[in-house]
Protein chains: 2
Amino acid sequence: MVNQAESILKSSALSITSSRKKILDVFLSASTALAHQDIEKLADQYDRVTIYRTLQTFLDRGIIHTIPTTDNTIKYALCSDDCISSGHHHDNHVHFLCDQCGRTLCLDDVMIPAITLPNGYSMKEINMVVNGICKLCRA
Amino acid sequence: MVNQAESILKSSALSITSSRKKILDVFLSASTALAHQDIEKLADQYDRVTIYRTLQTFLDRGIIHTIPTTDNTIKYALCSDDCISSGHHHDNHVHFLCDQCGRTLCLDDVMIPAITLPNGYSMKEINMVVNGICKLCRA
DNA sequence: AGTATTTTGCAACAAAGTTGCATTCTACAG
DNA sequence: CTGTAGAATGCAACTTTGTTGCAAAATACT
């Protein structure tokens, strides 16, 4: 079996480098969305600048997406398959930000409900972020 | 008629200072949510630190609220009357971020629909942000 | 007006993000 | 398999953003 990170890079027509593979592996083995800082720690053999540039590349190709948070940190998460394959990026599930452990989770089963915008507005992307206490912290 | 900024400060039991009045005036005359940077420019006679501290004070008192955005900037907006008066802060309308002019608008008429979280999760706050093109940019 | 308390501005610092450029690596042709 | 063009990386320097301590100034209240 081919390395999963490599096949993602190949299907995005990106050259295969060790930093890209490492950063993808970090995402693949993470259960939550990651801040830049998390990635820096988990891939600390690479330069800060490289991580910035790699994340930007992945964003451009739609390999990852950002999740807006109330605490002024951007979190990054891998796009799910259908989100990548649909050509035009859409990320239609709710994100959950735990106030206790700080983790950001994709609630893949909770769809964002449709809303009606006032006349004259057009929608390109929609984000729904819930703050609260997650399953693990309550247990 | 008493100055609107002063009456807001009085009802929040804050002392009346020129910087607080100025920053409130900036919000009152703005039609959109503002980033820290915007406020710095519009109230440039005051120190950066004062603006940070004043915004924090206003947040603590529920005079303003933050809007998470996908571009890693925090935007601030005045709370509407019912959002202030309800004691416990809740900001239940949708926010709109225009990709063209960059403005962030409160869509006061569009309520955030209710969602059901998976078992074990508790909700404290919910945010819904729509990206797209606003009324003015389409016109 | 006088004074306790709060707020402000300054300076210094810490953290986050960006840019230019020389070096290294990857993909690919031959 | 080797050479090479183009892409990616690391480093250094820098800008921007946010924080903290403290002395000076302003506010609220007697």
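Chain identifiers are assigned alphabetically (A, B, ...) following the order of the sequence lines, protein sequences preceding nucleic acid strands; residue numbering begins at 1 within each chain.
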Reading nucleotides 7-14 of chain D 5' to 3', which nucleotides get B (base under 4.0 Å from a protein heavy atom), which S (sugar-phosphate only), which -? -SBBBB--

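In this structure, the side chain of Arg103(B) does not engage the main chain of Cys98(B) through any donor-acceptor pair within 3.5 Å. The backbone N or O of Ser15(B) lies less than 3.5 Å from a partner atom in the side chain of Arg20(B), making a donor-acceptor pair. Side chain of Ser12(B) to backbone of Leu9(B): no donor-acceptor contact under 3.5 angstrom is found. Counting only distance, with no hydrogens or angles, the side chain of Thr50(A) and the backbone of Tyr46(A) share no donor-acceptor pair below 3.5 Å.
Minimum interatomic distance between Pro113(B) and Met128(B) (heavy atoms only, all atoms of both residues): CD-SD, 3.8 Å.
Between Tyr76(A) and His65(A), the gap from one ring centroid to the other reaches at least 6.0 Å.
Distances shown here put a side-chain N or O of Gln37(B) below 4.0 Å from the OP1 or OP2 atom of dT17(D).
Enclosure of atom CG in Asp109(B) is not indicated, since only 12 or fewer non-hydrogen atoms of other residues, nucleotides or ligands lie within 6.0 angstrom. The 12-atom threshold is not exceeded at CG of Asn119(A), counting heavy atoms of other residues, nucleotides or ligands nearer than 6.0 Å.
For the helix from dA1(C)-dT30(D) to dG30(C)-dC1(D), the rotation axes defined at the first and last 5 base pairs enclose an angle of 30°, given to the nearest 10°.
Taken to the nearest 0.5 Å, the OG1 atom of Thr32(B) stands 6.5 Å off from the CG atom of Leu105(B).
When DNA chain C is scanned in the 5' to 3' direction for atoms under 4.0 Å from non-hydrogen atoms of chain A, the outermost contacting nucleotides are dA16(C) to dA27(C).
In the hydrophobic clustering of this structure, Phe96(A) does not group with Leu136(A); members are Ile, Leu, Val, Met, Phe, Trp, Tyr whose side-chain heavy atoms approach within less than 4.5 Å, directly or through other members.
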